[in-house]
Amino acid sequence: MVNPEIYQILSLQNNSSKETVQKQILKITYQEKHILNLLAEKLEFDFTAYSKEFKPYLSTDELKILTDKGFGIASHSWDHPKYGDLSLKEQMETTDQTFAYLKENGFLYETFAFPFTDFQVKQDFFEELFKNKEIYCSFGCAGVKLDSVRKNFQRIPMEMGRLVKQY
């Protein structure tokens with residue numbers, strides 16, 4: 001039985017199926033992430049406790065071990081949003097937060113790789129990003145091709161299920 005407050009939070013009818021509830025949860029966007037916190041509260045789910053127990057992310061110490069083994073740890077945003085859906089202010093907040101963390105912990109901070117894609121990211125983001133003279137370049141994810149932004153290089157999106165030779 002689903003808590004009736006869950007239906008209300010998701011704007012669903014009280015008799016909605018479990019599948020409908022699941023689909024509605026999966027439709028929650030980055031900008032609506034506060035809804036996930038409301039749902040977690042009603043379901044008595046603690047994201048922090050879950051992260052401590054299951055460790056879905058590498059710790060700073062684990063990242064440093066990888067660095068010592070020759071891997072480069074660099075910027076990919078703080079919380080992995082789709083940049084084309086964010087305002088310039090939100091884009092810069094998540095970018096600046098990750099650069100501060102990287103610099104503070106001795107990781108690479110002179111590049112930035114977009115999570116998902118740089119599609120629909122406006123020129124003003126690049127202008128703001130490259131005001132920071134420590135940043136050498138950025139990486140999009142539109143396959144091998146030239147970009148209209150001189151310091152933005154496209155990379156191959158490996159998570160899309162296509163073979164590299166298809167690019």
Side-chain angles (χ1 to χ4, degrees), residues 22-121 125-145 147 149 151-167:
Q22 289 173 335
K23 285 179 184 178
Q24 196 68 15
I25 290 171
L26 291 173
K27 287 181 185 177
I28 295 171
T29 66
Y30 178 86
Q31 288 77 10
E32 300 168 324
K33 62 187 174 186
H34 66 280
I35 295 172
L36 294 176
N37 293 327
L38 287 172
L39 292 171
E41 182 183 316
K42 297 298 177 192
L43 297 169
E44 297 178 11
F45 182 82
D46 185 338
F47 290 116
T48 303
Y50 177 90
S51 292
K52 283 181 181 176
E53 182 178 350
F54 294 101
K55 301 184 185 332
Y57 308 108
L58 295 173
S59 69
T60 301
D61 289 338
E62 290 169 322
L63 292 171
K64 287 181 179 185
I65 290 168
L66 287 175
T67 299
D68 291 343
K69 291 182 178 185
F71 291 90
I73 306 299
S75 183
H76 193 57
S77 81
W78 186 251
D79 52 2
H80 212 268
K82 188 175 172 198
Y83 269 59
D85 291 343
L86 303 179
S87 68
L88 177 60
K89 181 178 186 264
E90 292 168 321
Q91 290 170 340
M92 293 313 301
E93 284 173 354
T94 187
T95 303
D96 291 341
Q97 189 173 1
T98 191
F99 276 121
Y101 169 82
L102 293 169
K103 199 170 187 178
E104 178 181 309
N105 288 286
F107 298 117
L108 302 173
Y109 55 86
E110 66 272 355
T111 63
F112 173 76
F114 285 93
F116 302 108
T117 181
D118 59 342
F119 183 67
Q120 295 183 322
V121 174
F125 170 77
F126 294 101
E127 291 168 4
E128 194 66 28
L129 178 71
F130 294 122
K131 283 181 182 176
N132 180 342
K133 297 303 178 198
E134 293 179 306
I135 299 173
Y136 171 73
C137 68
S138 60
F139 296 97
C141 202
V144 179
K145 65 180 182 178
D147 195 273
V149 176
K151 295 170 85 175
N152 189 51
F153 301 97
Q154 297 298 332
R155 66 191 197 279
I156 297 171
M158 300 303 293
E159 68 275 4
M160 302 307 289
R162 292 172 58 187
L163 298 175
V164 172
K165 66 182 179 183
Q166 292 175 309
Y167 289 91

Exercise. Can T95 and F125 be said to form a side-chain contact (heavy atoms from CB on, under 4.5 Å), step by step?
Worked result: CA-CA 10 Å; T95 303; F125 170 77; 3.8 Å; yes
Exercise. Are E127 and K131 close enough, and set up right, to give a side-chain contact (heavy atoms from CB on, under 4.5 Å), and what steps lead you there?
Worked result: CA-CA 6 Å; E127 291 168 4; K131 283 181 182 176; 5.6 Å; no
For this session: Check the pair F139 / C141 against side-chain contact (heavy atoms from CB on, under 4.5 Å), numbers first and verdict last.
Result: CA-CA 7 Å; F139 296 97; C141 202; over 6 Å; no
Problem set entry | Stepwise side-chain contact (heavy atoms from CB on, under 4.5 Å) test for F99 and L129 | CA-CA 11 Å; F99 276 121; L129 178 71; 4.0 Å; yes
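The OG atom of S77 lies 13.0 Å from the CD atom of E93; values are rounded to the nearest 0.5 Å. Between the OH atom of Y109 and the CG atom of L102 there is a distance of 10.0 Å, given to the nearest 0.5 Å.
Other residues, nucleotides and ligands place more than 12 heavy atoms under 6.0 Å from the CZ atom of F45. Remark: F47 CZ is packed, more than 12 non-hydrogen atoms of other residues, nucleotides or ligands lying under 6.0 Å away. Q22 CD: more than 12 foreign heavy atoms inside a 6.0 Å radius. More than 12 non-hydrogen atoms from other residues, nucleotides or ligands lie less than 6.0 angstrom from NZ of K151.
In this structure, I135 and F130 have side chains that are in contact, with non-hydrogen atoms separated by less than 4.5 Å.
Using modelled atom types and a 3.5 Å distance limit, the side chains of D85 and Q120 yield no donor-acceptor pair.
Applying the ring-ring contact (aromatic ring centres under 6.0 Å, His included) test between Y83 and each of F126, F114, F119 identifies F114 as the sole match.
Applying the salt bridge (Lys or Arg N to Asp or Glu O under 4.0 Å) definition to pairs two or more places apart or across chains, those involving residues 94-117 are K103-E134.
Qualifying ring pair (Phe, Tyr, Trp, His ring centres under 6.0 Å) partners for Y30, counting only residues two or more places apart in sequence or in other chains: none.
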